[in-house]
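Everything on this sheet refers to the single structure shown next.
This one's a predicted model, so the numbers in the text were calculated from it and none came from an experiment. Below, read A as the first sequence line, B as the second, and so on, with proteins coming before strands; counting in each chain starts at 1.
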Amino acid sequence: MRWSRTLIATLRDDPQEAEIASHKLMVRAGLIRKLSGGLYTFMPFGLRALQKVARIVREEMDRAGAQELLMPALQPAELWERSGRLAAMGPGMFRLKDRAARLMTLGPTHEEVVTELIAGEINSYRQLPCTVYQIQTKFRDEIRPRFGLMRAKEFIMKDTYSFDTSFEAADASYQAMYDAYVRIFTRCGLAARPVEADTGDIGGKWSHEFMVLADSGEDGIVDCPACGYAANQERAERAAAAPADAACPAIAEVSTPDTRTVDDLVAHFTCGADRFIKTLLYLADGKPVAALVPGNRDLNEHKLKRLLGAKKVELADEPTVQKVTGAPVGFAGPVGLALPVYADQSLKGASDRITGANKADTHIVHVDLARDAAVTAYEDLAVVGAGDLCPRCGKVLQLKRGIEVGHVFKLGTKYTESFDAKYLNDKGQSELMVMGCYGIGVTRTLQAIVEQSHDADGIIWPVSVAPFTVSLLLLDPKDAAVCAVADSLEKELQARGIDVFVDDREERPGVKFKDADLIGCPIRVVAGAKGLAKGGVEVKLRTSKSFDLVPVENAAAAIGKLVNDLTAALNK
RNA sequence: CGGAGCGUAGCGCAGCCUGGUAGCGCGUUUGGUUCGGGACCAAAAGGUCGAGGGUUCAACUCCCUCCGCUCCGACCA
């Protein structure tokens, strides 16, 4: 392909719309263009890179025994009512009506469609296990699309679904996908790290996310350098550390006018935030409960939701708080509260603490939680952060940030129950299939690669996903001898199956060098009059500062070897 | 949904406070000189100043409403 005949425009300035490096670079290098918030066009170069990622995904899915199919993106909403997810996903789903006023949705994911499909297709244990996948556009009405392709309203996802006869068999399918994911991200040149994760709206018992470490990542990752424990902050647990509180006198009320937040309390009582017990009132599927954490900690709503087995957990609104505590927001406390009370494990044995009095403008001091309040249970409820102790080995945890590029779930029978997906076992009895689902954000993976692999000059594509493997700069397009060299080298490389992009523009060399660095193809070849006079073309890696002068007749072979070396290094 | 900021030529921006009919850089086109890390000179094309309404003799500028984009937050006991 030649620059002069390609729809590509590179930008000198950072686009006003972009914040993070990968987003800026993808726009500047002419890979994507924005249509509207969270909606992007893939330009020819962006599409080439995307298709290379998709191809790797496909090859590894096929190798792992999954079969590709393609399901509709437009789906009857009734399907989502059957699983209960129409309500659970709420406004996150795009909804529309067809001409018969039937409610339809644009698929944000495909558990419903695939389970309905498989329930009809599979009848016998002889047909199991069965794993299918697709690479398809998904639609999610994100609250706040951001960072270009990272969180978009429309994006390309690879979604795989496994069906098995038993939980043990499903574990094997899960492991096969987990292994395939490790290979996929390795081949894409990404250092992606599996971490334990929350299952969210998808449901199920167990899941891992594949995270690309990046400061711009949206997820917190809790990491134990000592034993390798790693988990999404939403999921992360911590080892119990009991407080060393001494016994205290009986409780006493203290007037605290207009002192509602922990910051207010710290200022008022001049003590550490950890001396307070934060009492949070939640509605779990509509029923009020209280959750207690130390004043210096945050409550992890995912943990509370899991503990209560609730479908929906939300902070109680002001009227509810007023009703159950008898006080305005800001003065709730566990003492005398007629609700189920769940306390964070670090409050076990807590004594001489300060809490709200369930009375306007009043707190109580000298609270011994066990003595003065009825705590239903002590559980790990706080958000885990740096400095907490590892739940496995007890060493100190670190906190990092990451981009979620893949997610694997053990779903169990959540969906096969909803859709009555059963098979006959070898004794002729009907049993539910056991399911797993596995997603990769293909478009997000592409951007994560850029986020992880760039420098001040531009993108540094891994050879496996670069829009083109070789950038061939034709420095003197008016010099017939140089053109002839570029032409023949282009053909030789193509004959070897190496894709080449020839910059044949009538531009000064500096412009071509800058653009080549920005676009970031892994191998740069310069064909210029100067180089030819010295004996050949210049071959340089994007990652290297220096080049090799290679005689024209050896160039294709030398480049072929470089490609092989780069590919081998990725797959190592 | 709440908070903040921004919408002026393809891209990046100034002008607005203090109203008088729009400018800079890049890019694009043409001509010339250049030619190994984003050249220079000359000329040119390109804008309903996000949309609608209001105030005014006059609105990019002041006021109101709406739309769009970006960032922060969805944590308060």
For [X] and [N], give me the distance from atom [atom1] to atom [atom2], rounded to whole Å.
{"X": "Lys153(A)", "N": "C69(B)", "atom1": "NZ", "atom2": "P", "result": "7 Å"}
{"X": "Leu475(A)", "N": "G38(B)", "atom1": "CG", "atom2": "C1'", "result": "14 Å"}
{"X": "Lys540(A)", "N": "G36(B)", "atom1": "NZ", "atom2": "P", "result": "18 Å"}
{"X": "Asp14(A)", "N": "U70(B)", "atom1": "CG", "atom2": "P", "result": "16 Å"}
{"X": "Gln16(A)", "N": "A14(B)", "atom1": "CD", "atom2": "C1'", "result": "15 Å"}
{"X": "Arg12(A)", "N": "G37(B)", "atom1": "CZ", "atom2": "P", "result": "14 Å"}
{"X": "Glu506(A)", "N": "G38(B)", "atom1": "CD", "atom2": "C1'", "result": "17 Å"}
{"X": "Ile364(A)", "N": "A77(B)", "atom1": "CD1", "atom2": "C1'", "result": "13 Å"}

Interatomic distance at [atom1], [N] relative to [M], whole Å:
{"N": "A45(B)", "M": "U29(B)", "atom1": "C1'", "value": "7 Å"}
{"N": "G10(B)", "M": "C71(B)", "atom1": "C1'", "value": "25 Å"}
{"N": "A14(B)", "M": "C57(B)", "atom1": "P", "value": "33 Å"}
{"N": "G15(B)", "M": "A9(B)", "atom1": "P", "value": "15 Å"}
{"N": "C41(B)", "M": "G27(B)", "atom1": "P", "value": "12 Å"}
{"N": "C40(B)", "M": "C49(B)", "atom1": "C1'", "value": "32 Å"}
{"N": "G3(B)", "M": "C64(B)", "atom1": "P", "value": "16 Å"}
{"N": "G12(B)", "M": "C66(B)", "atom1": "C1'", "value": "28 Å"}

Can you confirm whether more than 12 heavy atoms, excluding those of Lys34(A), are under 6.0 Å from its NZ atom?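 For Lys34(A), atom NZ is crowded (more than 12 foreign heavy atoms under 6.0 Å).
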Would you say Lys348(A) has more than 12 foreign heavy atoms packed within less than 6.0 Å of its NZ?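 No, because the 6.0 Å sphere around NZ of Lys348(A) holds 12 heavy atoms or fewer from other groups.
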By nearest atom, which of the nucleotides [options] is closest to the [X] side chain?
{"X": "Asp298(A)", "options": "C11(B), C75(B), C35(B)", "answer": "C75(B)"}
{"X": "Glu19(A)", "options": "C71(B), G37(B), G36(B)", "answer": "C71(B)"}
{"X": "Glu17(A)", "options": "A77(B), G37(B), U70(B)", "answer": "U70(B)"}
{"X": "Arg144(A)", "options": "C71(B), A77(B), A39(B)", "answer": "C71(B)"}
{"X": "Asp13(A)", "options": "A39(B), C13(B), C11(B)", "answer": "C11(B)"}
{"X": "Asp515(A)", "options": "G38(B), C72(B), G36(B)", "answer": "G38(B)"}
{"X": "Pro509(A)", "options": "C11(B), G38(B), G36(B)", "answer": "G36(B)"}
{"X": "Val321(A)", "options": "A77(B), G12(B), C75(B)", "answer": "A77(B)"}
{"X": "Phe147(A)", "options": "G36(B), C72(B), C75(B)", "answer": "C72(B)"}

Do the side chain of Arg146(A) and the base of G73(B) come within less than 3.5 angstrom through a donor-acceptor pair of N or O atoms?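 Not at all, since no donor on one side and acceptor on the other fall under 3.5 Å apart.
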Quick one: the side chain of Arg28(A) and the base of G38(B), do they pair up donor-acceptor inside 3.5 Å?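 Donor-acceptor pair under 3.5 Å: yes.
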Could you check whether [X] gets within reach of a base, just the sugar-phosphate, or nothing at all, counting any heavy atom under 4.0 Å?
{"X": "Leu265(A)", "result": "nothing"}
{"X": "Gly330(A)", "result": "base"}
{"X": "Lys34(A)", "result": "sugar-phosphate"}
{"X": "Arg524(A)", "result": "base"}
{"X": "Gly333(A)", "result": "nothing"}
{"X": "Tyr282(A)", "result": "base"}
{"X": "Lys278(A)", "result": "sugar-phosphate"}
{"X": "Thr261(A)", "result": "sugar-phosphate"}

Taking only side-chain N and O atoms of Arg508(A), does any of them lie within less than 4.0 angstrom of OP1 or OP2 on A39(B)?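 For Arg508(A), the contact criterion (side-chain N or O under 4.0 Å from OP1 or OP2 of A39(B)) is met.
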Think Ser36(A) has a side-chain N or O under 4.0 angstrom from the OP1 or OP2 of C69(B)?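 Checking C69(B) against Ser36(A), a side-chain N or O does come within under 4.0 Å of OP1 or OP2.
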Taking the nucleotide of RNA chain B with the closest heavy atom to each, which residue, Glu507(A) or Asp476(A), is nearer the 5' end?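 Nearest-nucleotide comparison on RNA chain B picks Glu507(A).
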On RNA chain B, check which nucleotide each of Val511(A) and Ile277(A) is closest to and give me the residue with the more 5' one.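 Per heavy-atom nearest nucleotide, the more 5' residue is Val511(A).
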[N]: pairing nucleotide in any strand, Watson-Crick or G-U under 3.5 angstrom:
{"N": "A51(B)", "value": "U65(B)"}
{"N": "A58(B)", "value": "none"}
{"N": "U21(B)", "value": "none"}
{"N": "A39(B)", "value": "U33(B)"}
{"N": "C71(B)", "value": "G3(B)"}
{"N": "C16(B)", "value": "none"}

Establish, yes or no, whether a centroid distance under 6.0 Å links the rings of Phe139(A) and Phe155(A).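 No, too far apart.
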Counting the benzene-type ring for Trp, do Phe45(A) and Phe468(A) have ring centres under 6.0 Å apart?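 Yes, the ring centres sit under 6.0 Å apart.
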Between Glu154(A) and Thr137(A), a side-chain donor and acceptor under 3.5 Å: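 Their side chains do not contain a donor-acceptor pair, so the 3.5 Å distance test is not met.
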Return yes if a side-chain donor-acceptor contact under 3.5 Å exists between His268(A) and Thr259(A), otherwise no.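 Judged by distance alone, the side chains do not pair up.
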So which of Arg235(A), Arg306(A), Lys303(A) actually passes side-chain hydrogen bond (donor to acceptor under 3.5 Å, both in side chains) with Asp198(A)?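 For Asp198(A), the side-chain hydrogen bond (donor to acceptor under 3.5 Å, both in side chains) test succeeds with only one of Arg235(A), Arg306(A), Lys303(A), which is Arg306(A).
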Residue that, paired with Leu473(A), satisfies side chain to side chain contact (heavy atoms under 4.5 Å, CB included) out of Val526(A), Val502(A), Val537(A), Asp504(A):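 One option only clears the test, and that one is Val526(A).
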Does Arg505(A) count as lying over the ring of Trp3(A), i.e. NZ or CZ under 6.0 Å from the six-ring centre, within 45 degrees of the axis?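 Yes - Arg505(A) lies over the ring of Trp3(A), closer than 6.0 Å to its centre and within 45° of its axis.
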